[in-house]
Amino acid sequence: MSDLATTSELFFTRAGLDPDRAKRQVGEALNGCDDGELYLEYSQSEMLAFDDGRLRNASFDTAQGFGLRAVADEAQGYAHSSELSHDAISRAGDTVRAVRRGHQGTLADGPARTNRSLYVDDNPLNEFDFETKVKLLQDIDAYARDLDPRVRQVTCSLAGSWKAVQIIRPDGAEVADIRPLVRLNVSVMVGDGDRQETGSAGTGGRTGYAAYIDPARWQGEVDEALRQALVNLDSIAAPAGEQTVVLGPGWPGILLHEAIGHGLEGDFNRKKSSVFSGLMGQRVAAPGVTVVDDGTIPDRRGSLTVDDEGTPTSRTVLIEDGILRGYMQDRLNARLMGVAATGNGRRESFAHMPMPRMTNTVMENGDRDPAEILESVQNGIYATSFGGGQVDITSGKFVFTCTEAYRIENGKLGAPVKGATLIGSGEEVLKKVAMIGNDMALDPGIGTCGKAGQGVPVGVGQPTLRIDGLTVGGTG
């Protein structure tokens, strides 16, 4: 069945809703508004966690509900409910109508339609039985402990979800999508005497479980987690001060996502609260820096066939050769700024309003060999993995903790370091990019982005980068 047929089965046949009546209710509730929609959602999710040689947690959950949104100028009225009934939709309509009091708008044109599909619609939760999933985690635990006698603890988890959404616009147009999502995580603690260190690895995407059941796949994740833990076991205190920093490819793009990406979302720029506000067409980064947000990459964690307003996702050029070219837009901010929506209207669930959010945010390749970049640094830090970080959107200032980093000495990798933090400003760090590698890689599929209390899956990517004059906080 098509996505529309499948979601209609869920929301109308099973829930007892009449599609024509629901469309009339939406049209009546949003009459005179500038925009809005009825967002219907049904989801299944599970998570299995294995720790210290045993299954510690296993959960399964289903959720369903709707959110009705009315938009009048820049004001939004929103009501949501887990009760899928015409009475609940009617009550929601009474609530959201208040936002258009005294306002008589013209309904904005609906989003463009698309026939593409960026991922399969099969439910990964039905792909393997419970025992097979538990055995996978048991095998991971046993494999990790057999690799090295210094392994003291292994933690691993498998999570999956299947979400069906249907969007009904005031003119009766319908858009639907079915979204699978899986993730495998592994964490290994090693010890030598009184010292203990950890390493972690993970992978995932909008696919089924089959790829992760394959030992060739999960063993690679365990090997990587153990490698990182053993590296950290030999680490020394990180030096502090202003230094040249080389970022490895792939997951270090999380710094790009946080320090720069949020500042390029439409709402912050419409409200002029971003450091990038009012800089369209101006240089905001070093020559050669091109950054895109691309929600169209098949099977990626941050990809969507359509966003949560029904707009097809796109490849949006944000910065081109150092020049600011665009922002990520949902429908509301795009309309108020007089530009096109880019397919970045996202919400965590039916209980949340959409807002501009990233999908897969990527810095594109340069022309330098990664080895050449490393050899160009006499004294600095090479960072390949990050943990937590904090960013202030208005000022652009950030602090990120490195979970794997090394000294660079005379153009060669030196000792691993512990406790390194990168401190700077998103606006300034782009201008300090001195060399861009030709080895762009995407992250392994583990990213989750938080904004205004909502979490959504995202992806990042970048090539090897040399950044001059970045402040490093350390313990040595």
Side-chain angles (χ1 to χ4, degrees), residues 116-120 124 159-161 163 177 179-185 200-208 211-212 217 220-221 224 247-265 289-308 311-319 326-330 342-348 355-365 384-389 391 400 403 426 437 439-451 454-465:
R116 75 180 180 193
S117 181
L118 298 176
Y119 30 77
V120 299
S161 66
K163 180 183 288 188
D177 196 19
R179 303 165 179 172
L181 188 66
V182 300
R183 177 171 168 173
L184 174 68
N185 283 354
S200 61
T203 184
R206 295 198 178 277
T207 63
Y212 310 104
R217 182 70 171 268
E221 300 304 321
E224 173 60 20
L247 301 181
W251 179 242
I254 191 65
L255 188 149
L256 175 79
H257 167 103
E258 294 287 0
I260 299 153
H262 280 297
L264 298 177
E265 291 168 337
V289 172
T290 294
V291 180
V292 302
D293 186 82
D294 191 349
T296 71
I297 309 172
D299 300 330
R300 295 300 303 179
R301 181 173 172 84
S303 295
L304 292 170
T305 298
V306 294
D307 72 4
D308 295 323
T311 305
T313 52
S314 62
R315 179 184 180 276
T316 303
V317 178
L318 305 172
I319 298 171
Y327 302 125
M328 291 164 278
Q329 300 285 5
D330 64 348
T342 57
N344 289 92
R346 305 189 64 188
R347 64 183 100 200
E348 180 178 323
M355 66 180 81
R357 305 292 299 272
M358 283 171 274
T359 56
N360 303 299
T361 309
V362 178
M363 182 181 292
E364 296 194 333
N365 267 330
T384 64
S385 185
F386 289 98
V391 180
F400 280 92
T403 54
D439 59 341
M440 194 283 287
L442 298 173
D443 79 283
I446 58 176
T448 297
C449 172
K451 177 180 176 180
Q454 296 190 42
V456 297
V458 296
V460 297
Q462 68 170 47
T464 298
L465 298 178

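Start at 1 with the first residue, then count along the sequence. In what follows, every heavy atom counts, from backbone to side chain, and hydrogens, waters and symmetry copies are set aside.
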For a quick check under 3.5 Å, do [X] and [Y] share a side-chain donor-acceptor pair by atom type?
{"X": "R206", "Y": "S303", "result": "no"}
{"X": "R179", "Y": "S161", "result": "no"}
{"X": "T296", "Y": "T313", "result": "no"}
{"X": "T464", "Y": "D439", "result": "yes"}

How close do [X] and [Y] get, counting heavy atoms only, and between which atoms?
{"X": "F386", "Y": "I254", "answer": "CB-CG2, 3.9 Å"}
{"X": "V460", "Y": "H257", "answer": "CG1-CB, 3.6 Å"}
{"X": "Q462", "Y": "L247", "answer": "NE2-CB, 3.4 Å"}
{"X": "P444", "Y": "G202", "answer": "CB-O, 3.2 Å"}
{"X": "G205", "Y": "Y212", "answer": "N-OH, 3.7 Å"}
{"X": "P463", "Y": "G437", "answer": "CB-O, 3.3 Å"}

_Residues D330 and R347 bridged, charged N to O under 4.0 Å_ = no

_Between the side chains of D293 and R357, is the shortest nitrogen-to-carboxylate-oxygen separation below 4.0 Å, so that they form an ion pair?_
no

*CA sep, side-chain torsions, deciding dist, call: V292, E364, side-chain contact (heavy atoms from CB on, under 4.5 Å)*: CA-CA 8 Å; V292 302; E364 296 194 333; 3.8 Å; yes

Hey, does the side chain of [X] reach the backbone of [Y] with a donor-acceptor pair shorter than 3.5 angstrom?
{"X": "E265", "Y": "M328", "answer": "no"}
{"X": "R346", "Y": "M358", "answer": "yes"}
{"X": "N360", "Y": "D294", "answer": "yes"}

Rounded distance (nearest 0.5 Å) linking atom [atom1] of [X] with atom [atom2] of [Y]:
{"X": "L264", "Y": "T361", "atom1": "CG", "atom2": "OG1", "result": "9.0 Å"}
{"X": "M363", "Y": "L318", "atom1": "CE", "atom2": "CG", "result": "11.0 Å"}
{"X": "N344", "Y": "D308", "atom1": "CG", "atom2": "CG", "result": "11.0 Å"}
{"X": "D307", "Y": "Q329", "atom1": "CG", "atom2": "CD", "result": "12.0 Å"}
{"X": "H262", "Y": "K451", "atom1": "NE2", "atom2": "NZ", "result": "7.0 Å"}
{"X": "E221", "Y": "E224", "atom1": "CD", "atom2": "CD", "result": "7.5 Å"}

_Applying the side-chain contact (heavy atoms from CB on, under 4.5 Å) criterion to R301, which one of T359, D443, L181 satisfies it?_
L181

*Check each of V120, T207, L118 against D299 using the side-chain contact (heavy atoms from CB on, under 4.5 Å) test, and report the only one that passes.*
T207

*Please walk me through it: do T342 and Y327 pass side-chain contact (heavy atoms from CB on, under 4.5 Å)?*
CA-CA 8 Å; T342 57; Y327 302 125; over 6 Å; no

*Begin from the C-alpha positions of I446 and W251 and carry the test side-chain contact (heavy atoms from CB on, under 4.5 Å) through to its verdict.*
CA-CA 9 Å; I446 58 176; W251 179 242; 3.8 Å; yes

*After noting the C-alpha distance and the side-chain angles of T403 and S385, does the key distance pass the side chain to side chain donor-acceptor pair (under 3.5 Å) rule?*
CA-CA 5 Å; T403 54; S385 185; 2.9 Å; yes

